[in-house]
Every structure is written in C-alpha cells, then in structure tokens.
Amino acid sequence: MWYVVYVKGSQEDKVAQFLQDNQINAFIPMKEKFHRKEGKLIKVNQVLFPNYIFIETTDNYIDFSEKFNQFKIRNKNLIKQLRYDLEGTPPLQEEEINILEKLLGLNKIVEVSLGFIEDDKVVITDGPLMGFESYITYINRHKREAKLEIELLGSKREVTVSLDILTKI
C-alpha cells in the first residue's frame with residue numbers, strides 16, 4: 001500500500017526523517033531539473049510534489065490511520081493524511097502506483113528524459129518518459145521541461161519534469 005500525507009511547506013525532509021526514525025518507509029518523490037549556474041547547465045534535484053510525502057507500508061488503511069494520528073500528535077508539521085474516501089479504499093490505486101513507480105524508478109527520482117519532435121509529435125528515446133508520450137500536455141524547449149497530466153488520488157494532476165528535446169524534425 002502507498003499512502004500520501006500532506007505536510008507544512010518546506011518541511012518534507014524533516015517529516016520524512018521523523019517518519020523513517022519511527023520505522024515508516026517514507027520518501028519524497030524528486031525530479032532532476034536543469035539549472036544554470038555561472039553559465040553552465042547543471043542537474044539539481046527538486047521535490048516533485050511540494051508538501052507531500054509518500055509512504056510504502058504493508059499496513060491496512062485502519063492500522064495506518066491510527067499510526068498517522070499518533071505521529072500527528074508528536075509532529076506538528078504533519079497536516080493530514082490524504083484519503084480517497086472514508087470507507088477505507090486504498091489511497092492510491094494500483095494503476096496510479098504503477099505509473100509513479102515507472103516514472104520514479106528505484107531511486108524515487110524522475111530523471112531527465114531525451115527525445116525529439118517529429119511532425120508535432122513527441123518521441124522519447126531515453127529516460128522514464130518512454131511510453132508516457134500521451135501524458136505530455138506541454139513542452140517548454142527553452143526550460144527543457146515537459147508538463148504531464150497524471151491521475152492521482154482520483155483527480156488529474158499536472159507535474160513538470162525535465163525533458164531535453166534534442167532536435168525538431
């Protein structure tokens with residue numbers, strides 16, 4: 001099961017460490033991003049979903065909710081647990097988890113993808129976006145970014161990831 005919790009702004013690292021110290025497998029999905037420093041392009045890691053922490057556990061919905069409420073008392077940076085519904089439906093559906101696992105990989109980082117544009121169609125040649133061309137809604141070649149629309153927690157969410165378009169044919 002994957003659960004998602006909402007935390008106070010810029011407190012993702014502190015809360016994730018707190019949860020890990022309490023034997024909870026918490027992680028912060030990251031993305032590689034191009035950043036210009038002193039005229040050179042470098043890759044830096046940024047939070048993919050600001051203010052959200054993802055948790056992998058074997059706990060069922062009721063057990064996890066009880067643990068979360070205890071953690072919330074001990075750590076004021078925890079705001080709320082995202083819920084799909086009040087009946088105990090798993091917060092992230094299997095299809096959503098599969099998409100996130102493919103994008104994030106083992107390191108939980110969306111790495112830079114490479115591709116080209118042919119006749120207004122994006123073709124990804126390398127990276128985690130291979131097979132996700134249909135999810136791309138916008139490309140900013142100057143910033144080397146692509147916007148994806150993915151289904152998460154029952155609604156469509158837009159995320160920005162790095163995409164280096166090598167050429168336009």
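Here the structure is a predicted model, which is why all the values come from computation and not from measurement.
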**Q.** Test ring-ring contact (aromatic ring centres under 6.0 Å, His included) applied to F64 and W2, step by step
**A.** CA-CA 10 Å; F64 179 76; W2 280 27; over 10 Å; no
Q) If you measure from the Lys or Arg side-chain nitrogens to the Asp or Glu carboxylate oxygens, is any gap between E145 and K33 under 4.0 Å? A)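 A salt bridge is present here (some side-chain N lies under 4.0 Å from a carboxylate O).
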Q) Thinking salt bridges, do K108 and E56 make one under a 4.0 Å N-O criterion? A) yes
Interatomic distance, [X] atom [atom1] to [Y] atom [atom2] [nearest 0.5 angstrom]:
| X | Y | atom1 | atom2 | value |
| --- | --- | --- | --- | --- |
| I97 | E101 | CD1 | CD | 7.0 Å |
| L48 | E12 | CG | CD | 11.5 Å |
| R36 | L41 | CZ | CG | 4.0 Å |
| N140 | K147 | CG | NZ | 8.5 Å |
| E149 | S134 | CD | OG | 10.5 Å |
| I109 | L103 | CD1 | CG | 13.5 Å |

**Q.** Co-members of V44 in a cluster of I, L, V, M, F, W and Y side chains, linked at under 4.5 Å
**A.**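 Its cluster mates, by chain and number, are I42.
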(Q) Looking only at the side chains, is there a donor atom on one of Q17 and D13 sitting less than 3.5 Å from an acceptor on the other? (A)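 No, no side-chain donor-acceptor contact under 3.5 Å.
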Is it possible for you to say whether [X] and [Y] belong to one hydrophobic cluster, with membership spreading through side-chain heavy-atom contacts below 4.5 Å?
| X | Y | answer |
| --- | --- | --- |
| V122 | L114 | no |
| Y138 | L129 | no |
| V47 | L78 | yes |

Is there a donor-acceptor contact under 3.5 Å from the side chain of [X] to the main chain of [Y]?
| X | Y | value |
| --- | --- | --- |
| N75 | N77 | yes |
| E32 | K43 | no |
| E133 | G131 | yes |
| N69 | S65 | yes |
| E96 | Q93 | yes |

Q: Kindly say whether the aromatic ring centers of F54 and Y3 come within a distance under 6.0 Å.
A: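 F54 vs Y3: aromatic centres not under 6.0 Å.
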Q) Less than 6.0 Å separating the ring centroids of F132 and Y135? A) yes
